[in-house]
Amino acid sequence: MVNGINLALQFLDSFAFIVLAAAGLAIIFGIMGVINLAHGEFILIGAYTATLAVTQLGLPLVVAMVVGGLVTGLFGILTERVIISGAWPNYISQRTLGRDVIDPLYDRLADSMVATFGLSLILTQGARIRFGNSIDQIATPFGAISYGAFSYSTYRIVLAGVSIGLLLATYYLFTRTDFGMRARATIQDKETAQAMGVNTDRMYMLTFGIGSALAGLTGALFAPVISMQPTLGDQFLVEAFVAVVVGGPSVVLGTALSGGVLGAILATFSNLYGTFIGRIALLVAALIALRFLPDGITGFIEQLRQRRQESD
Amino acid sequence: MTRSPLSRRQFLGASGAALVTGLAGCSAGEGGTSTDTASSTDTLKIGVLEDQSGNFALVGDPKAKASMLAIEEINANGGIDGMQIETFQRDPQSDNQRYQELTRTAINEESVDALWAGYSSATREAIRPIIDRNEQLYFYTTQYEGGVCDEFTFAVGPTARQQLGIVLPYLVEEFGPDIYTIAADYNFGQLSADWVKVLANENDANVLGEEFIPLSESSFGSTINRIQEADPDFVMSMLVGANHTSFYEQKASAGLDVPIGTSTAMAQGYEHRRLDAPAMANIYAGVNYMEEVPTDSNTGDGGFVDRYFEMYPDAPYLNEEAETNYFSTYMYKKAVEQAGTTEQPEVVDALESGIELGTEEAPEAPDGETIRLDGATHHVDHHMWIMRADDEHNIEAVENRQIPETFLSETAGCNLPENPEQTQYTPVDYYEEAE
């Protein structure tokens, strides 16, 4: 038996989970072409930072979450400088050896995968060594709403609102601001952008930082509702990659659409047939989408638009 | 069948390294010194493979630590029959393939005299064929679904029938007959859910519904809705692992306050310490042990808890399986002393003679009570407890009594000394309602 409100709330919940899981990855993978297998561990950094900021420093939850995002953003910038672009090691080697030692990992899909996988192992085990097998968890704020025999955590609904807000902010940042214009120019055509006076190096660094900060914020937002342990990032990975791939080339719109489509499928099937079937349905949907829309949802929309223009 | 005749041992010793290697896993040691008395060998070797990283690190780490505590205590008190215990300890990283490799290493290269290994039932089933092929004495120390009747395996943790058998009837009595089951989606969860059905039938209760949840799942919105829709008197939860822990926080924040009975929460992963109250309020765990079990030898001055945290001041919790690792090491000690040898067939014979431990070595048993290893089934008649968490996550003992293992001994008719086998019996084979 399907209860309409249950289904609606479940949809919001799945939508928020998928969109937030994918948000940071969409920028780093979707825009920058770096397969970031440490995405889950960026989420971990955000979650741990926010939790520790509350339990150790006594910061209010909202502030702690912002701190979680910022710290992860800074860590992302550090990662970009040291591993992805290799700018800092190269700076040193230029002065000592007289040559670069690291080739940037941009648009080297397989290579970026290996490098970030290594990073993810280091971060997971590092967190285990430093903080143990779990850290104390913070309680979920806001209580619950009741309807009939059912009730639902208010915080999960708030998350859905936040995820839409984040999508809008990201969209605005990359399409309506100078920074966004330069970042997109850099990624589309680095040489031309440089010729036009864009500091492309800085754009790469900042874009990667923003993607990381989004991942960290996701971790911080989910910190009260998931179990705080070093492998907590893993549970986001499947949804994140599936959403980004199904979304296609237009990052923000793609994430929103795939969050909507996949969220609806996940919610409907897990509501009707249980969590297990819900998960299978999600993966089958992704398979079908990739078989028939190899460029993702937004790639398909783009094709339609071009076809219509041609026929006009 | 306490002590095997000396002539047999001498025969084994004399027949040299070749034969002994054939019986891989016996304490062949270097140079074929398979003779056994304290005078000829002054060490024996125990293998301890418990997860210290990966998905089960949280629950596996205390197991490794408690084994080390028992070994250190035994060594400090003169060892086993004068033999000091050496350990082969590695971290299998919650990875069943690593387990298989390390089990082979422990048996073939390290020639361990006894092996403790594995948290999950999936792990146990991954290494049991290797154990059996090598005729290796093996202790499996996790609470589990039950039913393993294996001549080389001593499954000394409590079984689902023992754990659920104490908590489920109590909850039926206390709250009513309608049960909803949620369980992890693998052999342990599936079989535990079958046991809920069997026990429900025996206690005139009924299972309204059940859901199996993949280990990777961490969002429980639809599960919570379904529980609310079924509106049971209580929920039986056999969720497992780090991801599933999220359920308790999520059901609390969704305002679901139905009582929950469990064989997995709190005693293993100490959720009542890690989660903010009142996430675990009104949860009843059926367990043989958790840190809060109020026996003198456990929480008293200089008791098990004191000794553990003296050795490991930074350890977060002393969990259910840790106690099982601890007392089973002492069971092994008793058996070797009784057998007068580390030769594994003789030690198994000694273990099968029915080793009993008092409260000092098995802190789950109150003063004056014992736990007993049943030789026929290689399982333990445990002293079981119902432990409840209140709104502030304080733990109180609600009920306790000894519960023998009955499924293998009475229902399945497992009698290993008479009829050696390597089977796992499941409730489906014996109970209609489990189908």
Side-chain angles (χ1 to χ4, degrees), chain A residues 1 3 5-7 9-10 12-14 17 55 124-125 128-129 132-146 148-156 222 224-232 234-239 266-276 278-280, chain B residues 51-62 93-94 182 185 209-231 241-257 269-271 273-279 314-317:
Chain A
M1 204 179 68
N3 176 311
I5 306 174
N6 274 353
L7 196 58
L9 291 175
Q10 189 63 46
L12 286 180
D13 193 44
S14 306
F17 188 84
T55 57
T124 307
Q125 196 58 26
R128 195 182 294 288
I129 291 168
N133 288 319
S134 77
I135 60 172
D136 286 346
Q137 201 168 332
I138 44 182
T140 313
F142 303 140
I145 50 163
S146 301
F150 303 99
S151 56
Y152 216 86
S153 169
T154 315
Y155 185 71
R156 308 287 288 199
F222 277 97
V225 297
I226 57 176
S227 166
M228 285 293 106
Q229 36 82 29
T231 51
L232 68 85
D234 296 354
Q235 60 196 289
F236 294 92
L237 273 192
V238 174
E239 273 86 351
L266 184 60
T268 310
F269 280 87
S270 49
N271 227 298
L272 286 175
Y273 306 108
T275 319
F276 179 62
R279 195 141 272 271
I280 290 181
Chain B
D51 301 313
Q52 287 167 299
S53 56
N55 194 24
F56 295 126
L58 185 81
V59 286
D61 191 46
Q93 305 167 1
S94 311
I182 49 176
D185 196 7
E210 53 185 16
E211 182 173 7
F212 297 100
I213 298 168
L215 284 169
S216 59
E217 187 60 52
S218 60
S219 290
F220 290 88
S222 65
T223 305
I224 291 166
N225 278 163
R226 250 190 307 282
I227 294 171
Q228 290 172 325
E229 187 172 354
D231 193 24
N243 291 331
H244 284 182
T245 303
S246 314
F247 167 75
Y248 298 103
E249 175 60 37
Q250 288 175 19
K251 69 98 189 155
S253 70
L256 178 70
D257 51 9
Y270 51 99
E271 289 83 355
R273 301 277 184 90
R274 291 156 53 208
L275 271 53
D276 230 15
D314 298 330
Y317 190 74

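Values below: all heavy atoms of this structure, side chains included; hydrogens, waters and symmetry mates excluded. Predicted model, so just to flag it, every value in this text is computed and none were measured. Just so we're on the same page: letters track the sequence lines, and every chain starts at 1.
Annotation: the span from A:Q125 atom CD to B:Q93 atom CD amounts to 7.5 Å, rounded to 0.5 Å. B:N55 contributes atom CG, which lies 8.5 Å from atom CG of A:D234 (distance to the nearest 0.5 angstrom). Note that the CD atom of A:Q10 and the CG atom of B:N225 stand 6.5 Å from one another [nearest 0.5 Å]. Within the model, atoms CD1 of B:I224 and CG of A:D13 stand 9.0 Å from one another, a figure rounded to the nearest 0.5 Å. Here A:T231 contributes atom OG1 and B:F56 contributes atom CZ; the two are 10.5 Å apart, rounded to the nearest 0.5 Å. For the atom pair CG of A:L266 and OG of B:S219, the computed distance is 8.0 Å after rounding to the nearest 0.5 Å.
Using a 4.5 Å cut-off between heavy atoms, B:Q52 touches chain A through its backbone atoms (N, CA, C, O) alone. Interface residue A:P224: only backbone heavy atoms are found under 4.5 Å from chain B. Heavy atoms closer than 4.5 Å to chain A are found nowhere in B:D231, neither backbone nor side chain. In this structure, the portions of A:F276 lying under 4.5 Å from any heavy atom of chain B include both its backbone and its side chain. No part of B:F247 comes within reach of chain A, as not one of its non-hydrogen atoms sits under 4.5 angstrom from that chain. Heavy atoms of B:I213 lying under 4.5 Å from chain A belong exclusively to its side chain. Of the atoms belonging to B:A279, not a single heavy atom falls under 4.5 Å from chain A. Looking at A:I226, the atoms closer than 4.5 Å to chain B (heavy atoms on both sides) sit in the backbone and in the side chain alike.
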Item to complete: Just do the side-chain contact (heavy atoms from CB on, under 4.5 Å) check on A:M228 and B:R274 with the steps written out, would you?
Response: CA-CA 9 Å; A:M228 285 293 106; B:R274 291 156 53 208; over 6 Å; no
Practice prompt. Before giving the answer on side-chain contact (heavy atoms from CB on, under 4.5 Å), spell out for B:Q250 and A:S153 the whole-Å C-alpha distance, their side-chain angles and the decisive distance to 0.1 Å.
Written response: CA-CA 7 Å; B:Q250 288 175 19; A:S153 169; over 6 Å; no
Fill in: Full working for side-chain contact (heavy atoms from CB on, under 4.5 Å) between A:Q229 and B:L58
CA-CA 9 Å; A:Q229 36 82 29; B:L58 185 81; over 6 Å; no
Discussion item. Assess the residue pair A:T140 and B:E249 against the criterion (side-chain contact (heavy atoms from CB on, under 4.5 Å)); give the C-alpha distance rounded to whole Å, side-chain angles, the decisive distance to 0.1 Å, and a yes or no.
Written reply: CA-CA 7 Å; A:T140 313; B:E249 175 60 37; 2.4 Å; yes
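Considering only heavy-atom pairs separated by less than 4.5 Å from chain A, the leading option among B:E271, B:K251, B:E211, B:H244 is B:E211.
No hydrogens or angles considered: nothing links the side chains of A:R156 and B:S253 as a donor-acceptor pair under 3.5 Å. B:S246 and A:S227 form no side-chain donor-acceptor contact under 3.5 Å, judged by distance and modelled atom types alone. Using a 3.5 Å distance cut-off with no hydrogens or angles, the side chains of A:Q235 and B:S216 do not pair a donor with an acceptor. Between the side chains of B:Q228 and A:S151, at least one donor-acceptor pair of N or O atoms lies under 3.5 Å.
Without hydrogens or angle criteria, B:R226 side chain to A:N271 main chain gives a donor-acceptor distance under 3.5 Å.
B:F212 places none of its side-chain heavy atoms less than 4.5 Å from the side chain of A:T275.
Taking a 6.0 Å sphere around CZ of A:F150, one finds it holds more than 12 heavy atoms contributed by other residues, nucleotides or ligands.
The minimum heavy-atom distance between B:G255 and A:A144, with the atom names listed, is N-CB, 3.9 Å. Of all the heavy atoms in B:A57 and A:R128, the pair that sits closest is CB-NH1, 3.2 Å.
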